[in-house]
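Written below as C-alpha cells is the structure these notes are about.
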Amino acid sequence: MSDWQYAHLLPLLNNDSFYKVDHDKIELKMVGADTWHDKKHKDILSLTEKVLLENGAVVSICASVGALNSLGILETRKHISNELYFFKLVSVQYVSESNYLDQHLVVDGNLITASALFVAYTLVAKFNMIDLDILDAWYHY
C-alpha cells in the first residue's frame, strides 16, 4: 500500500475543531498498491461493488483503479488512473478507454478516481466534513 497517498486526508480527519461526521454515509477508500489483482483481495473487491450498488461512495487512487477495471465497473463510468498508456499496460483486459478522462480527478456519481491530494479535497467537500472556506484555505495553501 502506498501510505503517502492518503496522507493528505489524515490530518483533515484527525482535527476535531472543524470535522463533521455523517454516520449514515458508506464510503470505501482504495489506495494504490501492486497487489490488487491478488486473490486475497476478492472480498474487498466484492464489497466495492456492493457499496456502489447501495449508493455509497468508492474512492479509488492510482493502481486500485485497475482493480475496478477487473470488475467491469469502468465500462460504464468515467474515470482516471495513472497515465492512460501505463494504465493500459498494467490493467487486465482494459476496454474502457472511451470513459478515461485525462484529468486529475473524476467524479462519476458515487465513484471518485484521482490522485491523492485531489481525493482528499474532494472527499472532504463531497461529504461536507469541513467548512468549505477552511477547506479551500488548506488546499490552496
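Numbering starts at 1 and runs along the sequence shown.
Atom-to-atom distance recorded for K126:NZ and N110:CG is 7.0 Å, nearest 0.5 angstrom. The CD atom of E75 sits 9.5 Å away from atom CD of Q93, with the distance rounded to the nearest 0.5 Å. L45 CG to S70 OG: the interatomic distance, rounded to the nearest 0.5 Å, is 5.5 Å.
Looking only at distances, no side-chain donor or acceptor of D38 sits under 3.5 Å from a matching main-chain atom of K40. The backbone N or O of S60 sits nowhere less than 3.5 Å from a side-chain atom of S64 that would complete a donor-acceptor pair.
Between I112 and V58, the closest side-chain pair of non-hydrogen atoms is not below 4.5 Å. In this structure, L68 and R77 have side chains that are not in contact, with every pair of non-hydrogen atoms separated by 4.5 Å or more.
Identified under the ring-ring contact (aromatic ring centres under 6.0 Å, His included) test for residues 39-84, with sequence neighbours left out: W36-H41, H79-Y94, H79-Y100. The salt bridge (charged side-chain N to carboxylate O under 4.0 Å, His left out) contacts involving residues 93-111 comprise K88-E97, where partners must be two or more places apart or lie in separate chains.
Partners of D136 under the side chain to side chain donor-acceptor pair (under 3.5 Å) rule, at least two apart in sequence or in another chain, are Y121. Residues that satisfy the side-chain contact (heavy atoms from CB on, under 4.5 Å) test with V106, not counting sequence neighbours, are K78, I80, L101, Q103, T113. Residues forming a side-chain contact (heavy atoms from CB on, under 4.5 Å) with A125 (at least two apart in sequence, or on another chain): L132, L135.
When each of V65, N99, V95 is paired with L74, the side-chain contact (heavy atoms from CB on, under 4.5 Å) condition holds for V65 and for no other.
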